[in-house]
Amino acid sequence: MVTEKDVEHIAELADIGINTDEMGTFTHQFNAILNYFDVLDQVNGDTTVTRDLTNIMREDVVEPSLPRDEVLRNAAAQEDGFIKAPRVM
Amino acid sequence: MEAHELSFEPDDPYNAFLAVCKKASYGKGKLAGIAVAVKDNISTRGIETTCASKILKGYVPPYDAHAVELLRQSGAAIVGKTNMDEFGMGTTTENSAFGPTLNPCDTSRVPGGSSGGSAAAVAGNMVRMALGTDTGGSIRCPAAFCGIVGLKPTYGRVSRYGLIAYANSLEQIGPMGRNVSDVSTLLQVIAGKDRRDSTTYDRPYTHTPVADVKGLKIGIPQEYFGEGVDPKVAGVVKTAISRLKELGATTVPCSVPSMKFALAAYYVTCTCEASSNLARFDGVRYGPAADIKKSWHDAYREVRRAGFGAEVRRRIMLGTFALSSGYYGKYYSKAQVARENVKADFARLFSDVDLIAGPTMPTIAFRLKEKSDPLSMYLSDILTVPANLAGIPAISVPCGKVDSMPVGLQIMGRPFEDERVIDTAYAYEQAVR
């Protein structure tokens with residue numbers, strides 16, 4: 001069982017932003033879905049999954065990339081060829 | 001390249017398109033001048049690409065997805081971007097920020113999802129073929145619901161470069177069309193190795209469909225005809241399978257015991273991958289602007305609350321929870337073991353049979369708003385997710401009707417035997433034509 005407090009905590013971890021009026025519905029739906037996921041408790045074993053893939057290595061060579069102005073075109077806030085972001089500290 | 005223009009201004013009564021190129025340029029090649037629609041989670045240089053989400057409104061990719069590059073090189077006219085469930089998260093195309101797509105066979109019903117716009121554009125005769133993407137059935141479900149053909153290729157056969165990621169380990173770009181030949185032709189164009197997607201294999205597809213199933217052994221899993229599957233749908237599909245027998249195939253009953261865990265394994269895996277993949281949508285590099293005067297977390301939360309729809313937020317939170325400290329072992333680890341069991345079940349079956357067949361979807365297309373509860377929507381994916389977990393090719397081909405709505409026959413094959421899956425669908429299609 002997850003509680004509204006748990007959902008609030010998860011929303012915070014995920015930086016998803018949750019409204020108080022959504023909390024009840026989300027909590028209810030989470031419990032129904034997580035209850036269904038409990039079927040996985042019956043899966044035997046916890047072996048580490050291995051894949052038959054090998055690393056693909058290459059030399060670190062500079063190749064042409066997209067022009068800066070094209071990359072910046074979708075950014076809302078920019079200055080001197082850089083993207084402006086909210087302050088972190 | 002010699003350039004021509006195709007004019008494309010369709011009425012769109014089904015809301016299949018999110019963006020339309022009224023003058024679509026095209027060149028020479030295998031698909032010269034053929035109108036092709038592209039699902040809106042596949043990057044198209046110069047054409048707005050939103051994943052049907054408000055968080056990408058206004059985003060114009062500066063580059064083409066590999067599959068789109070190949071389309072352009074083959075002369076195709078890319079005529080528009082198709083509606084979908086936001087970021088591919090849904091089974092009905094109702095989870096679009098820009099309104100649902102309607103099913104051309106009955107506009108009171110959903111087209112299926114998440115590639116519902118691509119399916120409706122093909123079924124509604126607006127385009128001859130379209131690209132979709134399939135993470136847990138998102139090509140095959142709408143193909144079945146709209147009465148067209150759709151293929152999820154073997155994982156690694158088509159590059160995912162430029163596909164806006166939702167659940168990388170599961171999803172593939174694939175072809176949709178009115179018939180098997182068109183689907184095969186489109187796969188010829190988009191398949192092959194791409195060094196920008198390290199999960200691609202050097203397995204180009206150069207096949208032309210052959211209508212021959214003589215001597216093929218087809219496994220019929222009991223789980224595909226069991227609880228939750230509409231008996232009328234099961235009946236239509238059984239009739240289709242007996243048609244394959246008349247054409248020279250043999251059938252044998254079989255079982256996929258890991259199906260019991262498949263849906264949970266799928267939803268745990270895809271939500272975990274989504275919680276990581278969708279962290280990039282922060283309103284800084286693209287999409288509606290974050291308020292840069294605010295602190296990082298406040299600005300980020302505000303953008304994501306306003307930009308993501310309910311299902312996307314639900315899945316991001318579920319994945320965040322399943323990966324969080326103390327729950328990882330219970331959910332993600334177990335889901336990966338279950339996934340290996342599904343793969344092992346298919347490997348075991350494919351040592352005996354050449355193909356596995358059953359219904360694509362357990363029911364016909366739902367009515368709009370019929371599946372309002374998330375879990376009941378998830379449950380309808382039960383017959384399509386196993387192929388994604390196992391990475392195997394799977395096609396849906398129309399095989400009859402129930403209550404005047406199309407039903408899809410699903411044919412799954414061994415990894416990289418997309419050719420055989422296509423041949424079998426083609427043999428069936430030619431026989432019932």
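Chain identifiers are assigned alphabetically (A, B, ...) following the order of the sequence lines, protein sequences preceding nucleic acid strands; residue numbering begins at 1 within each chain.
Chain B forms more heavy-atom pairs under 4.5 Å with one residue of A:Val7, A:Thr25, A:Ile83 than with any other, namely A:Ile83. Looking only at heavy-atom pairs under 4.5 Å with chain A, the residue among B:Ser295, B:Gly307, B:Ala299 that has the most is B:Ser295. Counting heavy-atom pairs closer than 4.5 Å to chain B, the top residue among A:Ile18, A:Asp15, A:Val43 is A:Asp15.
Annotation for B:Arg195: atom CZ does not count as buried by contact number, only 12 or fewer foreign heavy atoms lying within 6.0 Å. Counted within 6.0 Å of NZ on B:Lys330, heavy atoms from surrounding residues, nucleotides or ligands total more than 12; the atom is thus considered enclosed.
Both the backbone and the side chain of B:Ser198 come within less than 4.5 Å of a heavy atom of chain A. Neither the backbone nor the side chain of A:Gln78 comes within less than 4.5 Å of any heavy atom of chain B. Residue contact with chain B, scored on non-hydrogen atoms closer than 4.5 Å, involves the backbone and the side chain of A:Phe37 alike. If you measure heavy-atom distances from B:Asp291 to chain A, the contacts under 4.5 Å come from the backbone alone. Residue contact with chain A, scored on non-hydrogen atoms closer than 4.5 Å, involves the backbone and the side chain of B:Ala335 alike. Contacts between B:Lys293 and chain A at a heavy-atom distance below 4.5 Å involve the backbone alone (N, CA, C, O). Heavy atoms closer than 4.5 Å to chain A are found nowhere in B:Arg315, neither backbone nor side chain. Interface remark: A:Ile16 contributes backbone and side-chain atoms alike to the contact with chain B (heavy atom separation under 4.5 Å). Only the side chain of B:Leu379 comes within less than 4.5 Å of a heavy atom of chain A; its backbone N, CA, C and O stay farther away. At a 4.5 Å heavy-atom cutoff, the contact between B:Tyr201 and chain A is made by side-chain atoms alone. For A:Arg87, the parts lying under 4.5 angstrom from a heavy atom of chain B are both the backbone and the side chain. Only the side chain of B:Tyr378 comes within less than 4.5 Å of a heavy atom of chain A; its backbone N, CA, C and O stay farther away. Heavy-atom distances place the side chain of B:Glu340, and not its backbone, under 4.5 Å from chain A. Both the backbone and the side chain of B:Phe321 come within less than 4.5 Å of a heavy atom of chain A.
Of all residues in residues 59-72 of chain A, those placing a non-hydrogen atom less than 4.5 angstrom from a non-hydrogen atom of chain B are A:Glu63, A:Leu66, A:Glu70.
Counting only distance, with no hydrogens or angles, the side chain of B:Tyr300 and the backbone of B:Ala279 share a donor-acceptor pair below 3.5 Å.
Aromatic rings from B:Phe281 and B:Tyr59 are positioned such that their centres are separated by 6.0 Å or more.
Looking at B:Tyr155 and B:Arg160, their side chains do bring a donor and an acceptor atom within 3.5 Å of each other. A donor atom on one side chain and an acceptor atom on the other are not found under 3.5 Å apart for B:Thr384 and B:Asp381. Residues B:Thr44 and B:Lys81 have side chains that bring a donor and an acceptor to within less than 3.5 angstrom of each other. Side chains of B:Thr154 and B:Arg203: a donor-acceptor N/O pair is absent below 3.5 angstrom, by distance only.
With sequence neighbours left out, the salt bridge (Lys or Arg N to Asp or Glu O under 4.0 Å) criterion links B:Arg196 to B:Glu69, B:Asp194.
Applying side-chain contact (heavy atoms from CB on, under 4.5 Å) to B:Ser169 and the options B:Leu389, B:Thr199, B:Thr269 leaves one that passes, B:Thr269.
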side-chain hydrogen bond (donor to acceptor under 3.5 Å, both in side chains) assessment of B:Thr49 paired with B:Ser43 = CA-CA 6 Å; B:Thr49 299; B:Ser43 303; 5.6 Å; no
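Between B:Lys193 and B:Asp202 there is no salt bridge, since no side-chain N of the basic residue sits under 4.0 Å from a carboxylate O of the acidic one.
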